[in-house]
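Below is one structure, written out as structure tokens; the observations come after it.
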Amino acid sequence: MSTKPIGIFDSGVGGTSIWNELNLRLPNENTVYLADSKNAPYGTKTEDEIIKLSIKNTELLISKGCKLIVVACNTATTNAIKTLRETFNIPFIGIEPAIKPAALNTKTKAIGILATRGTLSSNLFHKTTDLYSHNIQVIEQEGEGIVQLIESGKLVSDEMTGLLKVYLQPMIKSNIDYLVLGCTHYPYLVPQLLKLLPNHVKIIDSGEAVAKQTEAVLKDNNLLNTFNKKGKTLFYTNADTQVISELLGNKHQVSYLDF
Ligand code: DGL
């Protein structure tokens with residue numbers, strides 16, 4: 001059982017930022033990654049649609065023998081993880097915007113959150129924000145259009161710079177000192193964000209925390225792969241293989257799969 005793969009899915013290519021963290025922490029683990037790019041973005045879909053897509057992805061990963069599933073998508077986690085846990089008898093790890101560390105450490109008492117509409121409007125997100133944001137200002141910003149640009153290979157482009165400038169402006173004006181990246185596509189924007197933000201602003205995401213949590217849950221369930229051999233990874237996309245290959249530094253093979 002422990003040599004079975006970890007399944008990872010995202011609405012598209014962004015969850016590879018989580019796969020990178022998992023691979024760093026758990027290099028022996030075999031993994032199967034699904035990029036549902038055909039249906040991206042999830043962030044503008046209804047909760048019902050996101051749940052249906054998440055169930056479809058989970059069923060495919062289970063049919064591929066996965067022992068645990070990482071929902072490498074904030075939008076799918078905040079909208080669907082409860083249903084997934086109720087529906088399937090397999091451990092799930094989700095990802096949520098890292099509001100807690102930002103809220104606890106801010107000195108300017110203002111933090112920014114960049115995420116999709118689906119995440120910002122979810123009950124889970126509201127619950128977490130209410131819990132940690134008593135004495136601070138939280139500037140929420142929907143990253144409309146960012147996922148689409150990344151999915152179409154325009155990570156570094158004039159259009160992207162234009163969107164980021166507009167989205168960061170109210171945050172800079174409010175003197176944030178933390179920017180929380182609430183979407184797994186966004187860690188790929190860090191070099192660009194650093195150029196646009198004042199020096200004192202720290203950018204945080206939840207990738208490392210997800211990898212730590214995955215390790216802990218594997219251990220608790222006796223599922224950790226103890227073989228001293230580098231794990232194998234299968235990357236699948238239901239759209240263009242080139243965009244995801246490039247994000248992975250053209251170091252991994254990516255296969256097209258109709259799902
Ligand atoms: N990577 C997904 C997330 O973390 C993007 C969602 C979308 O497709 O809009 O939310």
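Everything numeric in this text was worked out from a predicted model, so none of it was measured. Counting starts at 1 for both ligands and their atoms, following the listed order.
Annotation: side-chain contact (heavy atoms from CB on, under 4.5 Å) contacts of Thr128 (sequence neighbours excluded): Glu96, Ile99, Tyr132. Listed by chain and number, the residues in a side-chain contact (heavy atoms from CB on, under 4.5 Å) with Phe88 are Ile55, Thr58, Glu59, Ile62, Leu84, Ile90, Phe92 (sequence neighbours excluded).
Near ligand 1, residues Asp10, Ser11, Pro41, Tyr42, Gly43, Cys73, Asn74, Thr75, Thr116, Val147, Cys183, Thr184, His185 each place a heavy atom inside the 4.0 Å sphere around the ligand atoms.
Residues Val13 and Tyr188 have side chains not in contact (no heavy-atom distance under 4.5 Å, counting atoms from C-beta outward). At a threshold of 4.5 Å between non-hydrogen side-chain atoms, the residues Asp36 and Asn238 count as touching.
Of the N and O atoms on the side chains of Tyr42 and Asn79, not one donor lies less than 3.5 Å from an acceptor on the other residue.
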List, one per line, each side-chain donor-acceptor pair under 3.5 Å for residues 27-34, sequence neighbours excluded.
| from | atom 1 | to | atom 2 | distance (Å) |
| --- | --- | --- | --- | --- |
| Asn28 | ND2 | Phe227 | O | 2.9 |
| Glu29 | OE1 | Lys67 | NZ | 2.6 |
| Glu29 | OE2 | Asn225 | N | 2.8 |
| Asn30 | OD1 | Lys232 | N | 2.7 |
| Asn30 | ND2 | Thr3 | O | 2.9 |
| Thr31 | OG1 | Trp19 | NE1 | 3.0 |
| Thr31 | OG1 | Thr233 | OG1 | 2.7 |
| Tyr33 | OH | Gly12 | O | 2.7 |
| Tyr33 | OH | Gly15 | N | 3.0 |
| Tyr33 | OH | Thr16 | N | 3.2 |

